[in-house]
Amino acid sequence: MSECGGRGGGSSSSEDAEDEGGGGGGPAGSDCLSPSPAPATASSAGRLRRGLRGASLMARQRPELLCGAVALGCALLLTLKFTCSRAKDVIIPAKPPVSFFSPRSPVLDLFQGQLDYAEYIRRDSEVVLLFFYAPWCGQSIAARAEIQQAASRLSDQVVFVAINCWWNQGKCRKQKHFFYFPVIYLYHRSFGPIEYKGPMSAVYIEKFVRRVMKPLLYIPSQSELLDFLSNYEPGVLGYFEFSGSPQPPGYLTFFTSALHSLKKDYLGTVRFGVITNKHLAKLVSLVHSGSVYLHRHFNTSLVFPREVLNYTAENICKWALENQETLFRWLQPHGGKSLLLNNELKKGPALFLFIPFNPLAESHPLIDEITEVALEYNNCHGDQVVERLLQHLRRVDAPVLESLALESPAQLPDPPLITASPCCNTVVLPQWHSFSRTHNVCELCVNQTAGGVKPSSVSMPQCSFFEMAAALDSFYLKEQTFYHVASDSIECSNFLTSYSPFSYYTACCRTISRGVAGFIDSEQGVFEAPTVAFSSLEKKCEVDAPSSIPHIEENRYLFPGVDMTSTNFTGLSCRTNKTLNIYLLDSNLFWLYAERLGAPSSTQVKEFAAIVDVKEESHYILDPKQALMKLTLESFIQNFSVLYSPLKRHLIGSDSAQFPSQHLITEVTTDTFWEVVLQKQDVLLLYYAPWCGFCPSLNHVFIQLARNLPMDTFTVARIDVSQNDLPWEFMVDRLPTVLFFPCNRKDLSVKYPEDLPITLPNLLKFILHHSDPASSPQNMANSPTKECLQSEAVLQRGHISHLEREIQKLRAEISSLQRAQVQVESQLSSARRDEHRLRRQQRALEEQHSLLRAHSEQLQALYEQKTRELQELARKLQELADASENLLTENTWLKILVATMERKLEGRDGAESLAARKEVRPKQPEPSGTPQLPGSSPPPANVSATLVSERNNENRTD
């Protein structure tokens with residue numbers, strides 16, 4: 001116990017001993033005193049204290065180590081911070097926004113998104129336009145000039161404010177969450193916002209702003225009332241008496257309802273007007289002040305039911321929008337993916353009118369003509385109000401109509417079959433009709449008597465368009481009443497109509513000469529029908545050119561007796577099952593849609609009309625050469641509405657100029673189809689499409705076929721049906737399809753059998769079989785002449801001789817190919833030997849390469865080993881250099897310490913020797929030069945010793 005206790009007690013003399021006793025006495029204590037604890041934490045704490053004490057002692061002895069440790073720690077901290085900063089995403093702070101509009105612009109630009117300042121301006125202004133933009137948005141950049149142009153015209157009445165709603169530190173970005181840019185809001189005093197969603201054009205924006213500024217139109221006279229009611233847009237009239245008070249009851253509500261209408265319909269299709277004259281109010285059945293009237297053209301006009309609905313702005317606006325009646329609609333597609341046109345086309349046949357429109361113009365003569373056409377087209381019951389509005393429109397537009405009306409055509413010489421009767425129509429019979437072999441022209445006339453009279457003697461009142469359509473229908477059904485005898489005389493017959501037992505029609509048919517046919521062809525109609533008249537084999541083996549069929553609009557000019565102001569168009573929408581919905585588009589903005597519908601891309605006047613019927617898959621366009629006016633529109637609509645429409649379906653095809661004219665296989669387009677197929681030779685036509693995977697595999701077959709057949713008598717052609725439309729009778733239901741059009745019998749085209757493989761021998765057999773005139777079913781009834789048969793036989797012999805020559809050429813080519821095959825085989829054998837030799841050389845080179853690679857790997861390993869050894873030697877040399885540097889530093893310090901100690905010893909020895917000399921000579925007289933005060937005594941010895949020590953200290957300090 002004394003030993004454990006002694007270690008513990010002896011450690012109190014010094015801290016080091018205590019630490020050592022504590023470190024080593026733990027286990028001894030545990031052996032001597034079992035109850036006394038010896039925790040391991042005490043030993044670890046003791047080692048830590050000793051380590052810190054040793055470090056502090058070393059730092060006191062060698063301060064350069066402390067500085068190095070501090071520098072090393074700072075370097076480690078900087079390296080760690082740099083590494084962590086590089087690991088994070090580098091985010092560049094956003095640049096401060098700049099002004100979007102120029103400083104001289106009338107638009108106030110809040111480019112830092114000061115939404116609170118914009119709200120302050122809005123509260124203090126009557127009408128404010130807020131333009132929310134994003135500086136990077138292309139639409140915002142494009143609309144900037146339009147907004148600036150509109151602001152330059154309205155800056156004295158409207159405050160234009162532009163707000164940057166994209167900067168992340170602005171209030172606009174934090175409070176407004178727009179999904180698109182730009183956004184235009186309008187405020188009329190405290191009412192708003194009214195969002196504008198129309199075209200980003202200066203004139204449209206200005207028009208909308210003016211509507212917001214003045215939502216009500218003041219109507220002071222009857223003429224302006226007729227202008228308001230005859231407009232194509234629905235009109236709402238309010239009657240208020242201002243004589244009693246400056247603001248009658250309900251006026252502010254009616255004013256707010258007009259603003260609500262603009263808020264719900266940015267196009268402003270419903271117009272609001274105010275009447276203050278009670279006599280004008282009685283014309284529209286308004287008696288009491290505060291009454292609201294909704295005008296409708298064809299249905300009964302309405303008065304707002306104040307006893308049923310509350311008289312509020314929302315109810316008035318909702319009532320007007322729900323009960324409005326529109327003649328036609330303006331469409332404004334935004335240009336992206338939209339279902340706007342698709343939804344409108346699903347409603348039925350649509351008439352699209354593209355006209356240049358200026359919203360700021362005071363009058364629109366063309367729109368007034370279109371309005372007149374729409375009123376007549378939908379006036380099914382002959383309403384007197386509509387007739388009065390039509391009279392008003394005609395009175396206003398009379399000078400314009402005189403200047404734009406078409407001039408009467410020059411008087412042409414009357415052919416034998418064309419008379420001046422307004423109830424007759426000339427019909428060119430198509431080739432498929434049974435009359436075409438005996439007669440090719442018939443004239444139909446309306447006749448209410450049973451007598452067989454000539455068309456020249458028919459004197460009937462003006463007949464309607466539908467009576468003539470019914471006559472044509474009955475004519476096709478009663479064809480057996482004619483004798484099928486070829487004759488140059490006129491053959492006439494009377495027959496009953498298929499719809500009425502009391503109406504008779506007269507039809508006179510004959511085969512006319514080429515001169516009269518040329519006269520018919522010379523008449524330029526709106527659309528040319530693709531009807532082709534082919535002569536039979538009794539005549540020359542030639543093909544006639546396509547001829548046109550006179551249309552209803554052509555007959556107006558052919559027969560001067562027809563009244564141009566016919567009322568047959570009135571109420572046409574109720575007499576046909578193909579009622580049109582009329583739509584207007586601004587050609588200045590949406591001419592691209594017109595070009596896709598068939599309008600010419602380069603034209604001076606951007607006016608275009610097209611009818612699209614999705615259900616019937618039909619598409620018609622008005623002739624671009626004709627002016628878009630009332631007469632042409634009525635004729636266009638009438639031709640579409642007839643049961644057997646004479647309009648030609650518009651076909652869209654690819655450009656024929658991009659295909660070479662001289663080629664083995666002729667590429668056919670929509671424009672060149674008739675020219676290629678109806679030429680005076682046999683034609684084999686292949687229908688294909690780029691997406692057809694099997695079609696390209698037939699190219700080599702048709703190329704060989706084109707090489708084997710003479711190009712002067714046979715044409716191999718193909719057409720891409722995905723890019724070129726064709727008439728319905730020439731369309732196919734599967735791809736690839738091959739049609740053969742034999743010479744002189746184009747109407748007897750033959751389809752290649754679907755179950756027969758398309759190979760060169762099969763195609764040749766198919767062509768030879770169907771090119772023989774004897775196989776034609778038409779020739780069974782009408783035997784060909786001897787001259788034509790001889791010509792056909794000569795043609796067949798020419799074909800056979802040509803094929804024999806081609807076969808001989810092919811045999812010669814086969815023999816040359818066989819010789820070439822032998823040469824190629826010998827070359828291939830030598831090439832194989834060279835290949836084997838090269839492969840052996842390649843294997844040898846690969847073995848050498850593997851050996852060199854192994855040697856390179858060994859050298860690389862040796863190089864890495866030597867590099868590591870050199871690095872180790874360099875490290876050791878660096879340690880020796882550091883140790884030598886430390887020794888040099890310590891040697892310098894030791895020299896300084898030795899010098900200091902030597903000076904101290906010299907000073908101490910000098911002081912002792914001086915004190916010893918003074919003690920040896922204590923009683924020496926003072927020098928004579930030293931004055932002494934009376935009664936003074938020399939300083940004591942201890943004082944002198946102190947002075948000497950002080951001097952030594954000063955010297956040592958120096």
Side-chain angles (χ1 to χ4, degrees), residues 15-16 19-20 22-24 26-27 38-95 827-899:
E15 293 181 358
D16 294 337
D19 293 337
E20 292 175 2
T41 56
S43 61
S44 60
R47 286 194 297 271
L48 181 60
R49 284 195 297 270
R50 287 194 302 271
L52 292 175
R53 194 174 294 111
S56 61
L57 180 60
M58 185 179 294
R60 286 196 299 269
Q61 292 178 357
R62 302 176 64 180
E64 67 278 4
L65 294 179
L66 178 62
C67 296
V70 173
L72 182 60
C74 294
L76 290 174
L77 290 176
L78 291 175
T79 304
L80 183 62
K81 183 178 180 181
F82 178 74
T83 304
C84 295
S85 63
R86 289 295 300 271
K88 298 180 181 178
D89 294 334
V90 179
I91 300 176
I92 301 176
K95 296 181 180 180
Q827 293 177 1
L828 285 175
S829 61
S830 62
R832 291 193 188 96
R833 290 192 296 271
D834 295 339
E835 183 183 3
H836 293 311
R837 179 174 51 81
L838 291 175
R839 285 182 179 177
R840 288 194 298 270
Q841 293 179 359
Q842 181 182 2
R843 285 194 293 269
L845 291 175
E846 288 178 355
E847 292 176 358
Q848 294 178 3
H849 179 68
S850 61
L851 292 175
L852 291 175
R853 181 179 296 176
H855 185 61
S856 175
E857 291 176 356
Q858 293 177 1
L859 292 177
Q860 183 68 21
L862 183 61
Y863 170 75
E864 292 177 356
Q865 180 181 358
K866 296 299 182 181
T867 302
R868 288 194 297 270
E869 292 178 357
L870 289 176
Q871 290 177 356
E872 185 68 22
L873 291 175
R875 186 180 60 80
K876 291 180 180 179
L877 290 174
Q878 185 65 28
E879 291 178 356
L880 291 175
D882 295 340
S884 62
E885 186 179 356
N886 293 335
L887 291 175
L888 290 174
T889 304
E890 292 177 357
N891 188 18
T892 304
W893 282 106
L894 288 175
K895 289 180 180 179
I896 294 172
L897 183 59
V898 169

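Throughout, residue positions are numbered sequentially from 1 according to the sequence presented.
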Anything under 3.5 Å between a donor and an acceptor, one on a side chain of residues 869-879, the other on a protein residue two or more places apart or in another chain? List them.
| from | atom 1 | to | atom 2 | distance (Å) |
| --- | --- | --- | --- | --- |
| E872 | OE1 | R875 | NH2 | 3.4 |
| E872 | OE2 | R875 | NH2 | 2.0 |
| R875 | NH1 | E879 | OE2 | 2.7 |
| Q878 | NE2 | D882 | OD1 | 3.3 |

Please tabulate, for side-chain N and O atoms in residues 888-898, each donor-acceptor pair with protein atoms closer than 3.5 Å (sequence neighbours left out).
| from | atom 1 | to | atom 2 | distance (Å) |
| --- | --- | --- | --- | --- |
| T889 | OG1 | E885 | O | 2.8 |
| T892 | OG1 | L888 | O | 2.8 |

Within this structure, what is the [atom1]-[atom2] distance for the pair [X] and [Y], rounded to the nearest 0.5 Å?
X: L852; Y: E857; atom1: CG; atom2: CD; result: 11.5 Å
X: Q860; Y: L862; atom1: CD; atom2: CG; result: 10.0 Å
X: R853; Y: E846; atom1: CZ; atom2: CD; result: 10.0 Å

Checklist entry - For the salt bridge (Lys or Arg N to Asp or Glu O under 4.0 Å) test, which of R832, R839, R837 pairs with E835? => result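 Only match with E835 under salt bridge (Lys or Arg N to Asp or Glu O under 4.0 Å): R839.
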